[in-house]
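Everything on this sheet refers to the single structure shown next.
Computation of the quantities below employed the complete heavy-atom set of this structure, encompassing side-chain atoms and omitting hydrogens, waters and symmetry-equivalent molecules.
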Amino acid sequence: MRRTKAEAKETRQQILLAAERVFYEKGVAHASMEDVARAAGVTRGAIYWHFANRADLVLELYSSLPLPQEELIARELEAENADVFGVLERVGREWIGLLAQDEHRQRILSILLRCDTTGEFASISERQNDIDDEHMQVLEAAFAKAQHQGRLCTCWSPRSAASMLRWVIKGLCSEWLLFGRRFDIAIEGNEALRRLFASYSAQARSG
């Protein structure tokens, strides 16, 4: 039994690696489960034993990405005198830096950005929307805390500040991944975050 479970786990990983390669090269809409099976060196039956369809494969690839230490970040932000801007800017820099260095992450995010999210792939969009909503709640609460501390410039509301931070990071990453990586995302991203967080500060208005 142990050997069977180990073999099943190995086959599953083999399929995911093949799917990442095939979907990145062909696009999800133009790749079939047969293409993935062939690339993985397994039967179609083995594919369907582990994954119901292409959307299921894409979602599993997305889930395989290591996420930031969200619980640790949440604890930092919950501290009474938390440096909200310092924590969020650091996390943003770390996320962009990780993307710049991690080719596995680059391929999976590229697959998601290029993927049709209608019809059979609607579950991908639904999952991304759920994650976006969760992140917005965390960010809005963090900026509300900064506002309560008197640190958020009055030109920003917690909602607008949270939305802008998401748009800047997602826009940077999307443009870099989809349009030839024509700039140094780590350098440009850090500078964009520095300027954005400077504008968040209540001192920016008075200065």
Test side-chain contact (heavy atoms from CB on, under 4.5 Å) applied to W95 and R105, step by step = CA-CA 11 Å; W95 201 96; R105 183 178 295 268; 4.1 Å; yes

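- The cluster map of Ile, Leu, Val, Met, Phe, Trp and Tyr, joined by side-chain heavy atoms under 4.5 Å apart, puts F183 and I96 in the same cluster.
- N190 contributes a side-chain N or O that, together with a main-chain N or O of A186, makes up a donor-acceptor pair within less than 3.5 Å.
- For F143, the ring pair (Phe, Tyr, Trp, His ring centres under 6.0 Å) partners two or more places apart in sequence, or in a different chain, are Y200.
- With contacts defined as side-chain heavy-atom distances shorter than 4.5 Å, the pair R107/E25 does not qualify.
- When side chains are defined from C-beta on, I124 counts as touching C115, because their heavy atoms get closer than 4.5 Å.
- Comment: E78 does not engage R75 in a salt bridge, judged by the lack of any side-chain N to carboxylate O separation of less than 4.0 angstrom.
- In this structure, the separation between OG1 on T4 and NZ on K9 is 14.5 Å, given to the nearest 0.5 Å.
- Using a 4.5 Å heavy-atom cutoff, the side chains of F23 and I108 are not in contact.
- Here the shortest heavy-atom pairing between V42 and A46 reads CB-CB, 3.9 Å.
- For the pair R38 and D35, the salt-bridge criterion is met [side-chain N within less than 4.0 Å of a carboxylate O].
- Across L113 and S174, no two heavy atoms sit closer than the pair CD2-OG, 3.5 Å.
- Here the side chains of W156 and M164 are in contact, with some heavy-atom distance below 4.5 Å.
- A donor-acceptor contact shorter than 3.5 Å links the side chain of Q149 to the backbone of A82.
- Among all heavy-atom pairs drawn from S64 and L61, the shortest one is OG-O, 2.5 Å.
- Checking E60 against H50 by side-chain atom types alone, no donor-acceptor pair falls below 3.5 Å.
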Carefully, step by step, assess R151 and S201 under the rule side-chain contact (heavy atoms from CB on, under 4.5 Å).
-> CA-CA 6 Å; R151 296 177 181 176; S201 174; over 6 Å; no

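- Applying the side-chain contact (heavy atoms from CB on, under 4.5 Å) criterion to A142, with sequence neighbours excluded, gives L77, V84, L88.
- Using a cut-off of 4.0 Å between Lys/Arg side-chain N and Asp/Glu carboxylate O, R93 and E89 are scored as salt-bridged.
- A donor-acceptor pair under 3.5 Å is formed between the side chain of K145 and the backbone N or O of A79.
- For the pair E140 (side chain) and A162 (backbone), a donor-acceptor distance under 3.5 Å is absent.
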Verdict with reasoning, V28 to D116, per side-chain contact (heavy atoms from CB on, under 4.5 Å) | CA-CA 8 Å; V28 179; D116 178 13; over 6 Å; no

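- The environment of CZ in R159 is sparse: at most 12 heavy-atom neighbours from other residues, nucleotides or ligands sit within 6.0 Å.
- Looking at Y62 and I131, their side chains come closer than 4.5 Å, going by heavy atoms from C-beta outward.
- Side-chain contact check for T117 versus Q128: some heavy-atom pair is nearer than 4.5 Å.
- A distance-only check finds no donor-acceptor pair linking the side chain of R166 to the backbone of M136 [under 3.5 Å].
- When hydrophobic clusters are built by joining Ile, Leu, Val, Met, Phe, Trp and Tyr residues whose side-chain heavy atoms come closer than 4.5 Å, directly or via intermediates, I187 is not grouped with I185.
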Mind running side chain to side chain donor-acceptor pair (under 3.5 Å) on S160 and S157 for me, showing each step along the way?
-> CA-CA 5 Å; S160 65; S157 68; 3.0 Å; yes

Hey, mind stepping through F51 and L16 against side-chain contact (heavy atoms from CB on, under 4.5 Å) and telling me if it holds?
-> CA-CA 10 Å; F51 303 100; L16 285 171; 3.7 Å; yes

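- Looking at L65 and H104, their side chains come closer than 4.5 Å, going by heavy atoms from C-beta outward.
- No side-chain heavy atom of I169 sits under 4.5 Å from any side-chain heavy atom of L172.
- Ion pairing between a basic and an acidic side chain is recognised when a charged N comes within 4.0 Å of a carboxylate O; E76 and R90 show such pairing.
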